[in-house]
Amino acid sequence: MYALIDCNNFYVSCERIFNPNLSNRPVVVLSNNDGCVISRSEEAKKLGVPMGAPFYQYKNLFHKNHVKIHSSNYALYADMSERVMNILYKYTPDIEVYSIDESFLKFNGYDSFFNIELIAHQIKQEILKGVGIPTCVGFAPTKALAKVANRIAKKFPKELNGIYIIDSEKKRIKALKWLAIEDVWGIGKQLAARLRFMNINNAYDFTQLSDQYIRKEFSVVELRLKKELLGESVLKLEDIKNKKNIATTRSFEHDEKDFEFVKERIITFASVCGEKLRKQNSNANLISIFIQTNPQKETLQYRRTVVLKLPFATNSSITLAKYAIKGLEQIYKEGFAYKRAGVVVSGITDANHKQLNLFNDENSRHSQLMKTIDGLNRKIGQHKIKLAAQDLERTWKMRQEHLSKNYTTDINQIIEIDLNLA
DNA sequence: TCTGGGGTCCTAGGCCAA
DNA sequence: TCTGTTGGCCTAGGACCC
């Protein structure tokens, strides 16, 4: 059996732990730059706030309904996520941390020996008591069905208490007939529209299509999905692997025409990619740089990406920045106002197994220098030590007007309790 | 004025070598 | 030597996920 444990409205739930004022009232958490809504409390959902809603369009609605607004505080969420996952590891070592707020667990042979419902209850209770986050638990014979079970648990909180188990054919078929096609894990907007057009309206209809037809009209991904929904486990737990791509991309606070501005951003992104590579002890062989104008505006658009092959595998921020500038110079066009830019490194290899290059190789001092920079940044706070090409005067602040404190990761921001009031 | 960011996997198509 | 086929590798772009 697979279990899917999913935290309810995760970012909002994290904010609520440290701020009881947020209980039982509409709360939203915004994306970087306070751009869109990326987490909503049940009360906010009831007000009709959709996922991804642009903040500025909903400002009035929020104001009118006293919606509490928070900028995203990823340091806090990452720490709370780790606490949740640590609890899950107590139940089984077979875990796949699928995202910041959900994990698959595999319980081999538990079906006949253990009371699954009891385990589900224990998991839920322990996370709620230990971390303060409410969760939903779905159990089923495959990962895709566990997703379905979890969805049902979420949808009927009063009746099911956040737990649903698909453990019979009858329940499986009933669940699939209930699940709208666009809500199936792996069926996105485009596929759903095509399937609806073919009168395939729910997950059950989808499983009635023949293998050949699915393979011909769609792809191997959809075929696997069909098997999973039929109860044949083809998706296994994924191991924790090093990332295959590492990206650092941002929108600017305003549209920007100045080359030097964009260049400074690109250097910073390349440098951050270097840091991320070093953190997972990897090197990159390829670097791609992209810039784009604001697609929301009806002005002439420009968007280019360039991929450069690095002369040797590297994680040096200096080398990455050097090639990032080279790439930017190739794609930058005067006269456009840019809104977004980014650097992605790929072709990732293990830094311990670097292939020697006869003609080109990195200055051997880079590696020691990077170690020193990383060490200092860890000690005195993130990103205080920069490359000279980064602007030391300007501090790049995202718009984060509603940011909560780092209650659990910064000793200076730890929560204080006034015992006189308590 | 104000619309996020970071991933994965798959397919198609080009190129190249056997 | 030439031509056609096949399969591997690479990359770009699309679709999907959270």
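The sequence lines fix the lettering, A, B, ..., with proteins before strands; numbering per chain opens at 1. Keep in mind that the numbers below use all heavy atoms, side chains included, and drop hydrogens, waters and symmetry copies.
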Residue list, ring-ring contact (aromatic ring centres under 6.0 Å, His included) with A/Phe336, at least two apart or on another chain = A/Tyr302
Applying ring-ring contact (aromatic ring centres under 6.0 Å, His included) to A/Tyr338 and not counting sequence neighbours gives A/Tyr332
Of all pairs that satisfy salt bridge (Lys or Arg N to Asp or Glu O under 4.0 Å), the ones with a partner from [range], not counting sequence neighbours:
range	result
residues 21-42 of chain A	A/Glu42-A/Lys45
residues 324-346 of chain A	none
residues 134-147 of chain A	A/Glu96-A/Lys143, A/Glu102-A/Lys147

Going by the rule side chain to side chain contact (heavy atoms under 4.5 Å, CB included), which residues pair with [X] if we only count those two or more places apart in sequence or in a different chain?
X	result
A/Asp211	A/Leu223, A/Lys226, A/Lys227
A/Pro50	A/Ala53, A/Tyr58
A/Lys154	A/Asp6, A/Asn8, A/Cys136, A/Asn150
A/His121	A/Glu117, A/Asn161, A/Ile163

So which of residues 56-86 of chain A are in contact with DNA chain B, with a heavy-atom cut-off of under 4.0 Å?
-> A/Tyr56, A/Gln57
Please check if any side-chain donor atom of A/Ser39 sits under 3.5 Å from a side-chain acceptor atom of A/Asn9, or the reverse.
-> no
Range on DNA chain C touched by chain A, heavy atoms, distance below 4.0 Å = C/dA12 to C/dC18
Which residues within residues 186-223 of chain A lie with some heavy atom under 4.0 Å of an atom in DNA chain C?
-> A/Gly186, A/Ile187, A/Gly188, A/Lys189, A/Gln190, A/Leu191
